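Below you'll find the structure, written out as structure tokens, and then a few comments.
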Amino acid sequence: MFFSYFYKMQVEQSTFQRLANKEVGWNFSDQEEVAVIDMRQGMEKNFLFGTKAVLTDHAKGEEVYLTGGIWNQTPKEFRYKPGELTAETLVDITRQAFTGNGGGSAKKILVGGSGLIEALSKLEYGKRVSAGETFVKWGIEFNEIRTNFGCLYVLHSEIFDQCGHGSDGFILDPDCLTKYVHVPFHTETLNLRSSGQRNTDAIVITEASCLVLRHPASHMKIVAE
């Protein structure tokens, strides 16, 4: 069982702030955009490294469900020593990632922290391991790495660095990933003036969702020792 988690963000702008003259083009829509970006980053951290749990809010008398990240949903793991990553190691990584998974995709995504991506970028590529050009897929820019075992679409994620996984990575089979959305992403306008709470404009952004790995052996963690 995988818990869905409510992601919520409230954005407010006071009446006087809205009426005041500004020297820069900063308005309520800009604040909303920044809030959405911050909310999305928080969601990505939970989707990747969240710990499934149930907490009790005694003040409200209700339970809070925390989603489990995909990092802990696969038993497959490859360990390497930072500073010792070679093209031969990369072949070993792709062998383990693309075999023993019951017919997973021959093209997978490698998302990693800055330490791992730096090490991959410094490799000497040749006949056994080749690096293709940068290309865009699903609206995301990737770098391509090929071995005889399969193709990796490589992407740097700052979330790994922010969560203490700067030298780690995750190989994801996009065909075996499901997002369950119980409450779709939406915004609500709060009338705080009529309720007498504050003299502000306010919106609340909400989504309840979680990520689940189908066929966990089709995915793999890359962990720096």
Side-chain angles (χ1 to χ4, degrees), residues 2-3 41-53 66-132 134 137 140-179 210-225:
F2 295 92
F3 296 140
Q41 287 182 337
M43 292 172 66
E44 188 172 345
K45 290 178 181 178
N46 282 280
F47 285 157
L48 280 168
F49 304 110
T51 300
K52 184 178 67 174
L66 304 181
T67 190
I70 61 175
W71 182 261
N72 295 315
Q73 292 181 29
T74 177
K76 215 169 186 180
E77 181 178 287
F78 185 95
R79 291 186 171 270
Y80 79 101
K81 294 183 179 180
E84 298 182 11
L85 185 64
T86 64
E88 287 75 16
T89 308
L90 185 54
V91 172
D92 294 337
I93 290 174
T94 56
R95 177 188 177 184
Q96 187 167 329
F98 287 99
T99 60
N101 54 34
S105 174
K107 295 182 179 180
K108 300 185 180 184
I109 299 171
L110 193 167
V111 186
S114 60
L116 177 60
I117 301 303
E118 179 184 17
L120 291 173
S121 301
K122 292 180 177 179
L123 291 181
E124 292 290 336
Y125 294 96
K127 294 182 179 180
R128 287 178 296 176
V129 181
S130 62
T134 300
K137 190 176 182 65
I140 304 173
E141 186 174 289
F142 295 95
N143 287 294
E144 184 182 63
I145 295 178
R146 290 181 175 273
T147 73
N148 290 332
F149 291 102
C151 175
L152 292 175
Y153 297 151
V154 182
L155 177 69
H156 170 237
S157 171
E158 291 186 359
I159 298 300
F160 278 75
D161 296 77
Q162 294 171 10
C163 294
H165 291 270
S167 295
D168 300 338
F170 195 91
I171 295 180
L172 174 71
D173 187 338
D175 294 334
C176 297
L177 174 69
T178 300
K179 180 181 180 181
C210 65
L211 292 183
V212 176
L213 297 181
R214 303 193 322 274
H215 309 298
S218 294
H219 316 269
M220 188 176 78
K221 293 176 284 190
I222 301 176
V223 181
E225 295 181 326

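All values reported here derive from a predicted model rather than from experimental measurement. All heavy atoms count here, side chains included; hydrogens, waters and symmetry mates do not.
- Considering only heavy atoms from C-beta on, Leu48 stays 4.5 Å or farther from Val111 through its side chain.
- Residues satisfying the side-chain hydrogen bond (donor to acceptor under 3.5 Å, both in side chains) criterion with Arg214, sequence neighbours excluded, are Thr178.
- A search for side-chain hydrogen bond (donor to acceptor under 3.5 Å, both in side chains) contacts involving Lys45 returns Gln162, not counting sequence neighbours.
- For the pair Asn143 and Thr134, the minimum side-chain heavy-atom distance is below 4.5 Å.
- Glu118 meets the salt bridge (Lys or Arg N to Asp or Glu O under 4.0 Å) test with Lys122; sequence neighbours excluded.
- Looking at residues two or more places apart in sequence or on another chain, you find a side chain to side chain contact (heavy atoms under 4.5 Å, CB included) between Lys76 and Thr74, Gln96, Asn101, Met220.
- In this structure, Glu84 has no salt bridge (Lys or Arg N to Asp or Glu O under 4.0 Å) partners at least two apart in sequence or on a different chain.
- Every residue meeting the salt bridge (Lys or Arg N to Asp or Glu O under 4.0 Å) condition with Lys179, not counting sequence neighbours, appears here in chain and number order: Glu207.
- Among residue pairs with one or both ends in residues 145-167, those qualifying as ring pair (Phe, Tyr, Trp, His ring centres under 6.0 Å) are Phe49-Phe160, Phe49-His165, Trp71-His165, Phe135-Tyr153, Phe142-Tyr153; sequence neighbours excluded.
- Legend: residues meeting side chain to side chain contact (heavy atoms under 4.5 Å, CB included) with Asn72, ordered by chain and number and at least two apart, are absent.
- Evaluation of the side chain to side chain contact (heavy atoms under 4.5 Å, CB included) rule for Glu77 yields Arg79, Lys221, Val223 as partners, not counting sequence neighbours.
- The salt bridge (Lys or Arg N to Asp or Glu O under 4.0 Å) contacts involving residues 153-165 comprise nothing, where partners must be two or more places apart or lie in separate chains.
- For Thr86, the side chain to side chain contact (heavy atoms under 4.5 Å, CB included) criterion is met by Glu88, Thr89, not counting sequence neighbours.
- Legend: residues meeting side-chain hydrogen bond (donor to acceptor under 3.5 Å, both in side chains) with Thr94, ordered by chain and number and at least two apart, are Thr147.
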